[in-house]
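Order of the sequence lines fixes the chain letters, A, B, ..., with proteins taken first and strands second; residue numbering starts at 1 for each chain.
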Protein chains: 2
Amino acid sequence: MRPLFHPALEDLKPEAILYALSDPERVAIFAQIAGVGSSGTCTALANLGGRVIPKSSLSQHMKVLREAGLIRGERQGVEMRNHSRCQEVDQRFPGLIAAILSAYGRPPAATSAG
Amino acid sequence: MRPLFHPALEDLKPEAILYALSDPERVAIFAQIAGVGSSGTCTALANLGGRVIPKSSLSQHMKVLREAGLIRGERQGVEMRNHSRCQEVDQRFPGLIAAILSAYGRPPAATSAG
DNA sequence: TCAACAGTTCCGAATTTCTGAACTACGGAA
DNA sequence: TTCCGTAGTTCAGAAATTCGGAACTGTTGA
């Protein structure tokens, strides 16, 4: 397992963020992580929208979110803790995350871009 | 050639909008249409970013933008006039278009979501 | 009717996405 | 150390999507 890649703030690309959030399943995952604030483990995220996401698919989703710069994942023992990078992203692209979550009917959490 | 489909305001889906604008080429097309205000014909849009977009690809791009509800196309004689639906989209998802265009470094035009 | 033009549709190739199976990484028990 | 269970990643083949040249549709003008 190679170390997880997280883009630097100046390397964030709007197209990657929009693409990552153009899938409602990923939006649900992201909103959950951003809402909870942290500690969104993969297993905890596997059945958000009434269907169980296969873990290989979930892993791919996490990778897309991570490489878009939306979340940060760090290994903590056996599991992976994921937390949002909303504040960072908001520095770089003010209002973007909030507008997107709001369009999806998911009011951004206080801990994130709000 | 079947008549062009344009979604009603209440049928706009954030995922379609984000997907449509997750491609820099489409963003360039959309920004051009939104900036000019109208009369963005396909041939006028074919070489925005230093490369000539094949017309079949361009037609697909226009379809994606149209079906996301971002532009409206109407036949005017031989050619097709495209104009943005920014104001409508902004009613439905306030601030979304502005935040996205701003993230791409394309300040939204006064005629659109500003 | 014919030609030219603007854009769409068709279709095969290339790319991407999905997901079960195999695998890696870590922690605990013996 | 070795073995086992858990969490998540990577692999690989099938399915779906995207790209773009060629053919086509629809319009204008001669």
Given [options], which nucleotide is nearest the side-chain atoms of [X]?
| X | options | answer |
| --- | --- | --- |
| A/S57 | C/dT8, C/dA25, C/dT19 | C/dT19 |
| A/S59 | D/dT9, C/dT8, D/dG20 | D/dT9 |
| B/V78 | D/dG20, D/dG26, C/dG7 | D/dG26 |

Applying a 4.0 Å non-hydrogen cut-off, can you work out what B/T43 is touching in the nucleic acid: base, sugar-phosphate, or nothing? sugar-phosphate

Which part of the nucleic acid, if any, lies within reach of A/R26 when heavy atoms closer than 4.0 Å are counted: base, sugar-phosphate only, or nothing? nothing

Can you tell me the distance, in whole Å, between the [atom1] atom of [X] and the [atom2] atom of [N]?
| X | N | atom1 | atom2 | result |
| --- | --- | --- | --- | --- |
| A/R66 | D/dG8 | CZ | P | 11 Å |
| A/L4 | D/dG8 | CG | C1' | 10 Å |
| B/L45 | C/dG7 | CG | C1' | 12 Å |
| B/M62 | C/dT9 | CE | P | 13 Å |
| A/E67 | C/dT16 | CD | P | 13 Å |
| B/K55 | C/dC10 | NZ | P | 16 Å |
| A/Q60 | D/dC11 | CD | P | 10 Å |
| A/L58 | D/dT10 | CG | P | 14 Å |

Report the residue from A/I97, A/D23, A/N82 that forms a side chain to side chain contact (heavy atoms under 4.5 Å, CB included) with A/F30. A/I97

Residues forming a side chain to side chain contact (heavy atoms under 4.5 Å, CB included) with A/E79, sequence neighbours excluded: A/T41, A/R81

Summary of salt bridge (Lys or Arg N to Asp or Glu O under 4.0 Å) pairs that have at least one residue in residues 47-62 of chain A, sequence neighbours excluded: A/E25-A/R51

Using a strict heavy-atom distance below 4.0 Å, which residues from residues 15-23 of chain A are in contact with DNA chain D? none

Quick one: bend of the helix from C/dT1-D/dA30 to C/dA30-D/dT1 from 5 pairs per end, to 10°? 10°

Any side-chain heavy atom of B/M80 within less than 4.5 Å of one from B/L4? yes

Close side-chain approach of B/I17 to A/L18, heavy-atom, < 4.5 Å: no

Given A/M62 and A/L45, is the side chain to side chain contact (heavy atoms under 4.5 Å, CB included) satisfied, shown in steps? CA-CA 10 Å; A/M62 302 308 279; A/L45 297 163; 3.8 Å; yes

Please go through A/F5's hydrophobic cluster and name the other residues, only I, L, V, M, F, W, Y counting, with side-chain heavy atoms under 4.5 Å joining them. none

Please determine if a side-chain N or O atom of B/R75 lies less than 4.0 Å away from the OP1 or OP2 oxygen of D/dT25. no

If you round to the nearest 0.5 Å, how far is NE2 of B/H6 from CG of B/L12? 11.5 Å

For C/dG20, does the base pair up with any side-chain atom of A/S56 as donor and acceptor (N or O, under 3.5 Å, distance only)? yes

Could you pull out every donor-acceptor pair under 3.5 Å between side chains of residues 64-71 of chain B and any protein atom, sequence neighbours left out?
none

Donor-acceptor contact present, side-chain B/S59 to main-chain B/S56, <3.5 Å: no

By nearest-heavy-atom nucleotide on DNA chain C, the more 5' of A/E25 and A/G77 is A/E25

